[in-house]
Amino acid sequence: AVVSTQSTGNKIHLDVHTVRNTEDTRYPGTYTGYDDSWDFAKFRNNFKIRIIRREEREIEFDMIGIDTPIANAFRRILLAEVPTMAIEEVFLQNNTSVIQDEVLCHRLGLLPIMVDPRLFDMKGKGDKAEERNTLQFKLKMRCKRNKKAPTDTTNADELYCNSKLYTRNVEWEPLGSQKEWLKGGVKFSHDDILINVLRPGQELDMTMHAVKGIGSDHAKFSPVATATYRLLPEIQLLREFRGAAAEKLRSCFSPGVIEIEEGRAVVKDARLDSGSREVL
Amino acid sequence: AVVSTQSTGDDTCTTLVLHKEDHTLGNVLRHMLVKNPEVEFAGYSIPHPSEEKINLRIQTYETPCLSVMYRALDDTMEVCDHVLDEIDRAEEEWKRAQK
């Protein structure tokens, strides 16, 4: 007789020295009387996404009712297979700065570019660089001594002109008709990323080509700084804690996890727990 | 990803070699296959970490194993489509809650 169609399975249990029940057992046949087979209708009814926190460059959300292989697949795809644009080829006309060519180009590749990669095509090996697969940038700066600087400063910003090169000094050069379909221009994610430092007489003159790529090819193409997931902890207090014991219990967890209400220790927000097993 | 089949006389068991794939797809397919009660055994392995290849072993009780594989792929696509819809809905809910 089938008791109910889906079992609740087992939960990962943290002991003092071990972690138990790490295998997912909710497969058909593990528990007699339960039918754990894949049922999309049930998944659709139970699945919910709840956004907890949303900032300009960061988001935290809960996925309730999804299995770990699929959640992990999303995480892996975010890191390695969502395409972005990044600088790939640098044509150096002149680099008399102290930074070596290859080190400078490596840094340029890591600069995040604020553009929608879906507007572009991937550039194949033999393809020409054209408006649909390439973005062109140019940086040409020469550092000069500042004749108007006060005589007793040692501050490089005052003594020299153009001594620090930031991403705001880089110019985007539209190719073909890019000006029409890339309205608003193309910039880097931050204006104040330091690219290079020059002294009088040193010059930097280069043209850069950015192409579309994915993180598994080179980490510079990864769109996320990081993407992680974890299972929401469940903390159960097996007995009542009062007074000094409650205080001690509270100090064993991360701040905010346990609060003292009416003299008793109560689990307030298990999400904030970092998984340290100090309480054990 | 090019897929090649190495199977014996009967069609209830096979080992598929999926090229240019890794745990991202392998673990998901394995999970959807094992969730299918017609599947006797399903597992995947990566023969060598330097080669981008996975071996996916499927053994069924009676149904042809390739049809079970197609079903696992369809189920995965269904899940992903629904997750996409759900993200849009959660985004709407978040925007409304902010007002």
Side-chain angles (χ1 to χ4, degrees), chain A residues 2 5-7 9 23-56 58-82 214-217 227 229, chain B residues 1 18-44 46 49-50 52 54 56 59-61 63 68-99:
Chain A
V2 175
T5 46
Q6 310 261 310
S7 67
E23 293 273 324
D24 186 5
T25 54
R26 273 181 302 166
Y27 294 118
T30 315
Y31 303 106
T32 41
Y34 287 90
D35 167 33
D36 282 322
S37 60
W38 174 251
D39 188 342
F40 179 67
K42 286 217 161 52
F43 168 75
R44 194 179 44 208
N45 282 339
N46 295 334
F47 181 62
K48 197 157 163 31
I49 291 183
R50 207 177 290 148
I51 298 178
I52 307 297
R53 197 164 49 89
R54 171 85 185 262
E55 284 148 43
E56 198 201 326
E58 211 172 299
I59 183 172
E60 182 181 336
F61 60 94
D62 282 355
M63 286 173 118
I64 303 161
I66 200 167
D67 298 306
T68 43
I70 303 171
N72 194 32
F74 290 140
R75 182 193 65 85
R76 287 175 67 97
I77 290 169
L78 279 169
L79 285 168
E81 289 179 49
V82 176
I214 56 175
S216 54
D217 176 27
Y229 84 98
Chain B
L18 304 182
H19 295 269
K20 294 269 194 286
E21 293 296 341
D22 57 4
H23 301 284
T24 311
L25 188 63
N27 200 14
V28 171
L29 284 182
R30 177 205 60 84
H31 175 76
M32 300 310 272
L33 282 167
V34 177
K35 277 283 209 187
N36 187 343
E38 289 156 30
V39 164
E40 183 197 353
F41 176 87
Y44 83 102
I46 298 188
S50 305
E52 261 200 292
I54 62 173
L56 185 61
Q59 281 167 215
T60 59
Y61 292 111
T63 42
V68 151
M69 175 68 176
Y70 286 132
R71 175 151 160 212
L73 289 162
D74 286 336
D75 285 345
T76 309
M77 288 198 289
E78 220 175 14
V79 170
C80 293
D81 286 338
H82 181 67
V83 171
L84 202 57
D85 290 338
E86 182 62 23
I87 286 188
D88 288 336
R89 194 207 55 80
E91 173 96 15
E92 290 300 308
E93 195 179 300
W94 173 259
K95 284 197 182 123
R96 267 186 280 119
Q98 295 306 89
K99 295 210 177 100

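Quick note on labels: first sequence line is chain A, next is B, and so on, each numbered from 1.
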*Give me the one residue out of Asn36(B), Val34(B), Val79(B) that meets side chain to side chain contact (heavy atoms under 4.5 Å, CB included) with Trp38(A).*
Val79(B)
_Listed once per pair and sorted, the side chain to side chain donor-acceptor pair (under 3.5 Å) pairs that draw on residues 70-80 of chain B, sequence neighbours left out_ = none
*Looking only at heavy atoms, what is the nearest atom pair of Thr24(B) and Ala73(A), with distance?*
O-CB, 3.5 Å
*Quick one: of Arg50(A), Lys48(A), Glu81(A), Arg26(A), who has the most non-hydrogen atom pairs under 4.5 Å with chain B?*
Lys48(A)
*If you count the non-hydrogen atoms of other residues, nucleotides and ligands that lie under 6.0 Å from CD in Glu23(A), is the total more than 12?*
no
*Spatial distance of atom CG (Asn72(A)) from atom NE2 (His23(B)) [nearest 0.5 Å]*: 9.5 Å
_Counting only non-hydrogen atoms closer than 4.5 Å, does Ile52(A) touch chain B with its backbone (N, CA, C, O), its side chain (CB onward), both, or neither?_
backbone
_Part of Asp24(A) lying under 4.5 Å from any heavy atom of chain B_ = side chain
_Region of Ile66(A) in contact with chain B, defined by heavy-atom distances below 4.5 Å_ = side chain
_Residue pairs, two or more places apart or on separate chains, that pass side chain to side chain donor-acceptor pair (under 3.5 Å) and touch residues 79-88 of chain B_ = Glu86(B)-Arg89(B)
*Would you call Val83(B) and Ile49(A) a side-chain contact if the rule is heavy atoms closer than 4.5 Å?*
yes
*Write down the atom of Pro28(A), the atom of Lys35(B), and the distance for their closest heavy-atom approach.*
CG-O, 3.4 Å
*Tell me, side chain or backbone of Phe61(A) under 4.5 Å from chain B's heavy atoms, or both, or neither?*
neither
*asked:* So which residue, Thr68(A), Asp67(A), Ile77(A), ends up with the most heavy-atom pairs under 4.5 Å with chain B?
replied: Asp67(A)
_Gap separating the CD1 atom of Ile51(A) from the CD atom of Glu91(B), nearest 0.5 angstrom_ = 5.0 Å
